[in-house]
Amino acid sequence: MSAIQQDSVETNLSEPAVLLENISFSWGAHAGSFSLRLDRFELAKGESVLLTGPSGSGKSTLLGMICGTLVPDSGNISVLGQPFSTLSGSARDRFRADHFGIIFQMFNLLPYLSILDNVLIPLHFSKKRKLQAGDLAQARQTEARRILTGLGLEQIDQQKTSDLSVGQQQRVAAARAFIGAPEIIIADEPTSSLDEGRQADFMELLFAEKIRTEASLLMVSHDLRLADRFDRVINLEDICHIGKVGQTS
Amino acid sequence: MIIFRLAWQSLLNRRLTAILTILSIALSVVLLLGVEKVRVGARSSFINTISGTDLIVGARAGDVQLLLYSVFRIGNATNNISVETLDDIKRQKEVEWMVPISLGDSHRGFRVMGTSKDYFTRYKYRRNIPLGFDGGVAFDDLFDAVIGSDVAEELGYAVGDSISVAHGTGNVSFGASHADKPFLISGILESTGTPVDRTVHISLEAIEAIHVGWQSGTAPRGDNIVSADLVRKMNLAPKVVTAAYIGLKSKIGIFSLQRFINNYREEPVTAILPGVAFAQLWAIIGNAEMALIVISTMVVFTAFLGMIISILGSLNERRREMAILRAIGARPLQIFSLFVAEAAALAICGVVVGVAILYAVLGLTWTWIEKATGLYLQFEAPAQQEITYLLIIIFGGIVAGIIPALRAYRMSVSDGLTVRS
């Protein structure tokens with residue numbers, strides 16, 4: 001991505017963080033294959049949105065399109081004012097590296113990297129985030145440790161990545177998502193593998209970090225008890241229409 | 001850069017399979033380079049069986065045949081060559097020295113060769129190494145014998161032991177024996193890795209002596225038996241020999257002398273250049289080289305096949321890893337590079353380990369191998385040819401890595417951030 005494009009991203013402050021309009025998507029073109037239609041979805045800058053909905057409601061497909069690994073058959077997607085439809089696959093990958101922090105449901109970490117390296121790894125794929133995390137390797141490490149400490153992980157040098165509990169793993173994943181202050185955090189059921197007490201802790205830390213970096217947060221969860229913390233709650237079934245290719249509904 | 005680091009760390013994480021894969025590549029490298037070393041060693045040991053001799057002259061025969069019986073003691077001469085002829089040749093201005101040899105008898109399966117004392121100073125092998133004595137001295141008395149190292153070792157002989165010579169060259173000579181004229185071992189030669197090791201050397205006069213009375217071709221009987229003591233008083237100057245090694249004053253004279261010998265009118269004789277005859281012979285037996293190379297190349301292929309299988313096998317359990325990298329912003333092309341880098345790392349480690357193993361083994365055993373087999377393996381840095389092989393192997397590993405890498409590429413494109421199973 002060129003410097004000019006990057007500038008335009010940062011100056012378009014009035015743009016929503018994520019905007020999807022008139023999307024239609026299908027897995028395979030033959031009759032009977034799964035298809036998805038979505039009229040409009042918006043995530044404003046700095047906004048936190050909770051997406052709910054049963055499995056099969058198009059959650060993965062929606063996230064894939066927002067993150068740029070899936071391309072709709074028609075419709076517009078723009079992220080931070082950047083229209084995804086005009087970007088090549090690898091440009092979308094670079095865009096994701098620069099502007100997205102992603103937390104999966106589980107197994108977020110590369111077992112062969114140290115905890116610190118797991119946090120630092122996105123910086124190897126994004127110059128922008130690298131600079132935002134610190135000009136020197138030393139400064140970046142300090143930043144990673146600072147985020148980890150904020151998330152309640154301090155004694156990381158004594159622990160192996162594979163020794164971490166699920167709750168700890170999710171917090172390391174959160175630290176990785178936030179490092180270098182990307183504008184958009186996507187969290188895909190990050191608490192579903194945690195028990196209730198740890199869920200609350202995790203959400204607390206997640207929001208603290210979100211507020212500090214002024215990121216937009218899109219989180220997917222079935223757990224409506226978490227809804228209070230979010231600016232908006234969207235039920236996927238209300239905005240997404242799942243059907244089969246060839247069917248009208 | 002991060003891609004190489006990730007590939008390496010990921011490999012370390014799967015240490016056991018990685019080590020096994022590296023080991024299988026390493027062993028194939030050991031085999032390929034080992035075969036190459038043996039091939040080069042065998043060829044140079046073979047071609048350097050005799051050195052310092054410019055021409056070999058014998059009765060009219062093919063080059064290879066003459067070489068086989070005069071140097072390797074394989075087969076028999078078609079005919080003898082008269083001493084008058086040899087004297088004529090010796091008088092040519094190009095000739096510096098001439099060592100006649102006489103074959104035809106044996107001792108318990110080892111060939112007996114009559115020759116002059118000069119043989120021990122003129123015969124050279126490999127890079128002009130002269131014969132040396134492990135014990136004792138060259139023959140001096142009529143019934144002295146000098147034996148090669150294999151003869152001494154296999155039959156357990158020592159200097160001073162008494163041996164007898166059998167008539168003919170069969171392993172067991174029925175009755176036809178020169179046992180009435182026993183020989184004393186005066187010297188044992190150092191191991192050379194050449195046919196000299198398997199030869200019993202006696203003087204040309206001794207050959208004459210043991211054959212007094214054998215003119216009919218069978219053992220003498222009755223009055224024809226001449227005792228060992230009596231034979232010493234007879235004129236034992238040989239009239240015919242089997243062949244002769246010739247050294248020239250200057251290499252320039254080789255072809256004119258060869259022409260002189262090949263056109264010699266009084267007797268049908270042939271002169272060969274040992275190097276040329278060796279090359280002809282090697283062209284015949286050298287086909288085995290090709291077979292060895294083909295086999296070891298196949299082993300390298302098998303090792304890479306193993307590598308491809310092991311990487312492919314790991315792909316499914318690594319979809320998670322790929323999804324994480326994609327989420328972080330890795331492009332599918334970087335995922336592809338990750339797998340190619342992994343294959344490259346395996347191939348490079350395999351080559352390095354293989355070379356280390358080969359040189360360790362070679363360093364520990366090359367002197368022993370030379371003694372035991374006469375195979376002179378060069379213990380030196382890899383030759384140009386070998387380095388080329390190694391680079392081809394590394395390149396082959398990278399190419400092999402493309403197969404799983406392509407699959408990983410497709411997986412990471414279709415999976416995106418979600419692992420589907």
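Letters go in sequence order (proteins before strands), and every chain restarts at 1.
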**Student:** Between A:L113, A:L63, A:I186, who has the most heavy-atom pairs with chain B when the cutoff is under 4.5 Å?
**Tutor:** A:L113
**Student:** Just to verify, what does B:R410 make a salt bridge (Lys or Arg N to Asp or Glu O under 4.0 Å) with, not counting sequence neighbours?
**Tutor:** none
**Student:** CZ/B:R5 to CG/A:D117 distance, rounded to the nearest 0.5 angstrom?
**Tutor:** 4.5 Å
**Student:** At what distance, to the nearest 0.5 angstrom, does OG1 of A:T69 lie from CG of B:D415?
**Tutor:** 10.0 Å
**Student:** For chain B, find which of A:F125, A:F107, A:Y112 contributes the most heavy-atom pairs closer than 4.5 angstrom.
**Tutor:** A:Y112
**Student:** So, A:R96 side chain and B:R326 main chain: donor-acceptor pair closer than 3.5 Å or not?
**Tutor:** yes
**Student:** Flag the pair B:I324 / A:R176 as yes when at least one side-chain heavy-atom distance between them is below 4.5 Å, and no otherwise.
**Tutor:** yes
**Student:** Is it the case that more than 12 heavy atoms not belonging to B:E153 sit under 6.0 Å from its CD atom?
**Tutor:** no
**Student:** Of the non-hydrogen atoms in A:S90 and B:R331, which two are nearest, and what is the gap between them?
**Tutor:** CB-CD, 3.3 Å
**Student:** Do any of residues 12-42 of chain B come closer than 4.5 Å to chain A, heavy atom to heavy atom, and if so which ones, in number order?
**Tutor:** B:N13
**Student:** What is the minimum heavy-atom distance between B:G329 and A:A97, and which atoms define it?
**Tutor:** CA-CB, 3.7 Å
**Student:** Contact part of A:L109 toward chain B, heavy-atom cut-off under 4.5 Å: side chain, backbone, both or neither?
**Tutor:** backbone
**Student:** Could you look at B:L333 and say if it's the side chain, the backbone, both or neither that has a heavy atom under 4.5 Å from chain A?
**Tutor:** neither
**Student:** Should we say atom CH2 of B:W8 is surrounded by more than 12 heavy atoms from elsewhere, each under 6.0 Å from it?
**Tutor:** no
**Student:** Once you round to the nearest 0.5 Å, how far does CG of A:L110 lie from CE of B:M322?
**Tutor:** 12.0 Å
**Student:** How close do A:D93 and B:P332 get, heavy atom to heavy atom, and via which atoms?
**Tutor:** OD2-CD, 3.1 Å
